[in-house]
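Down below is the structure, laid out as structure tokens.
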Protein chains: 2
Amino acid sequence: MTKREEFIAQSLKLIHQKGFKATTIRDIAESMDCDVANVYNYIDSKQGLLESHLFAINSEFHENVDQIIKSSYAPIDKIKKLISLYVEITVTRPLEASLLVNEWRSLKEPKLSEFIKARESFERKVKKIIIEGIKEGAFRQMNPELATYSLLSCVRWLFNKYAGKKVKVNKVEVEKELVEFVLSGLSN
Amino acid sequence: MTKREEFIAQSLKLIHQKGFKATTIRDIAESMDCDVANVYNYIDSKQGLLESHLFAINSEFHENVDQIIKSSYAPIDKIKKLISLYVEITVTRPLEASLLVNEWRSLKEPKLSEFIKARESFERKVKKIIIEGIKEGAFRQMNPELATYSLLSCVRWLFNKYAGKKVKVNKVEVEKELVEFVLSGLSN
DNA sequence: TATTTATATCAACAAATGTTGATGCAATAA
DNA sequence: TTATTGCATCAACATTTGTTGATATAAATA
């Protein structure tokens, strides 16, 4: 592993553990056993470090989301596909997924607004799927907004389970469980 | 409203808006239009401010939780009661609820471990309810751990919707929707 | 060989931030 | 009346923290 890769790995790890605000440049330097100034061989600013990783994973996520949205799948299958996407990204790159869920709050304007705008746009798309599903009779009658947030929160917590821990995860099994929960809840 | 009450209100509001780490003593002072040193008429330290509010609401929450756990309700009704409790606290005191969900990360040892321990204990209790519900046949077969986290995340996002915004909320309606989602998911 | 690239070293600064001490003043309670 | 309580004022300090500039060295590349 090159030093630059070690830097990326360590900084992502620290940001996930302590949060972006609480992670200092000196923390990062110490974790990779080098001088403080050395960190600036890899970044322009601390803020830039957050922005680059955050928007990289965010773009990737939204591009995949749009393909699902624009597909001809029925609402119920679009939901399944979205959950599958979220599980895939979260299990393979949990540290970056944690940026999407937690650390975006540390963005500064105008990046903050840019992120929020994209996220709200995504949430509206999910809400539309739910509304359509209700109309078609695939989903029961419900408040689409509350359902949207509930649904999304069901997958957003996931990274917490797989970031930093060396748990061996059966991606497919996790996906199956989440899909079942979102579609059927607890009940028999 | 006394000055002390204004201090509490403003500091909670700021902590929710910007996060605890990003909220400075000077921010708080400015928000209540007083000198910086003045803030220390009401607190011993910034950290103490977080701790007192966080553990106050946390204790209250867990006391109520234990009453539900120890009741003779069936698993499905315990779940309903828990959701009801969460909605109640979140809708009436969203700013404090946000501490429980977001800001506990800013606690320092040993308070941090204390909080985490309580939270994990709570999660185990919920998991037990689910396991029991499955055994009794009230709930379908599922992975209890994933179900626990999914269930809890379904209610934890709520404060985001009601903190800071002047939305008039029908508590009962929100509760009904959440219960339906947790028990039945999206499906018909 | 010449040169670019990746990384290391050291010192230092400016700004932000939590915190303190000493003091004043007015209202309330004893 | 006296003592306490709640709140305000001002100046100052010690740390923490992001960031820079100038320079060195060894390896990779041209």
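All of these numbers come straight from a predicted model, not from anything done at the bench. Each chain gets a letter, A, B and so on, in the order the sequences are listed, and its residues count up from 1.
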Review point. Between A:R26 and A:E30, is the closest basic N to carboxylate O distance under 4.0 Å?
Key: no

Practice item. Evaluate the side-chain contact (heavy atoms from CB on, under 4.5 Å) criterion for residues A:I131 and A:F139: first the C-alpha distance (whole Å), next the side-chain angles of each, then the deciding distance (0.1 Å), finally the verdict. Key: CA-CA 9 Å; A:I131 291 176; A:F139 301 151; over 6 Å; no

Practice item. First locate atom NZ of B:K128, then atom OG1 of B:T148, and finally report the distance between them rounded to the nearest 0.5 Å. Key: 12.0 Å

Check your understanding: Between A:F61 and A:Y86, how do the two ring planes meet: parallel, tilted or perpendicular, split at 30° and 60°?
Key -> perpendicular

Practice item. Measure up the B:H16 and B:F159 rings against each other and bin them: parallel (under 30°), tilted (30 to 60°), perpendicular (over 60°). Key: perpendicular

Exercise for review: Before giving the answer on side-chain contact (heavy atoms from CB on, under 4.5 Å), spell out for A:L152 and B:W157 the whole-Å C-alpha distance, their side-chain angles and the decisive distance to 0.1 Å.
Suggested key: CA-CA 9 Å; A:L152 290 177; B:W157 67 270; over 6 Å; no

Review point. Within 45° of the ring axis of A:Y73 and under 6.0 Å from its six-membered ring centre, is that where the NZ or CZ of A:K81 lies?
Key: no

Practice item. Figure out the CD1/C1' separation between A:I25 and C:dA8, and round it to whole Å. Key: 17 Å

Review point. Whole-Å distance between D:dA8 C1' and B:I28 CD1?
Key: 17 Å

Review point. Quick one, which residues of residues 38-52 of chain A touch DNA chain C with a heavy atom under 4.0 Å?
Key: A:N38, A:N41, A:Y42

Check your understanding: For DNA chain C, what residues of residues 2-23 of chain B have any heavy atom nearer than 4.0 Å?
Key -> B:T23

Practice item. Applying side-chain contact (heavy atoms from CB on, under 4.5 Å), run through B:I43 and B:F7 and close with a yes or a no. Key: CA-CA 10 Å; B:I43 57 172; B:F7 162 73; 3.6 Å; yes

Check your understanding: Side chains of B:F181 and A:R140: closer than 4.5 Å at any heavy-atom pair?
Key -> yes

**Study point:** Stepwise side-chain contact (heavy atoms from CB on, under 4.5 Å) test for B:K161 and A:E145
**Key:** CA-CA 11 Å; B:K161 185 134 197 59; A:E145 190 177 25; 3.2 Å; yes

Practice item. Strictly below 4.0 Å, heavy-atom distances to any atom of DNA chain D: list the hits from residues 29-37 of chain A, or just say none. Key: A:V36, A:A37

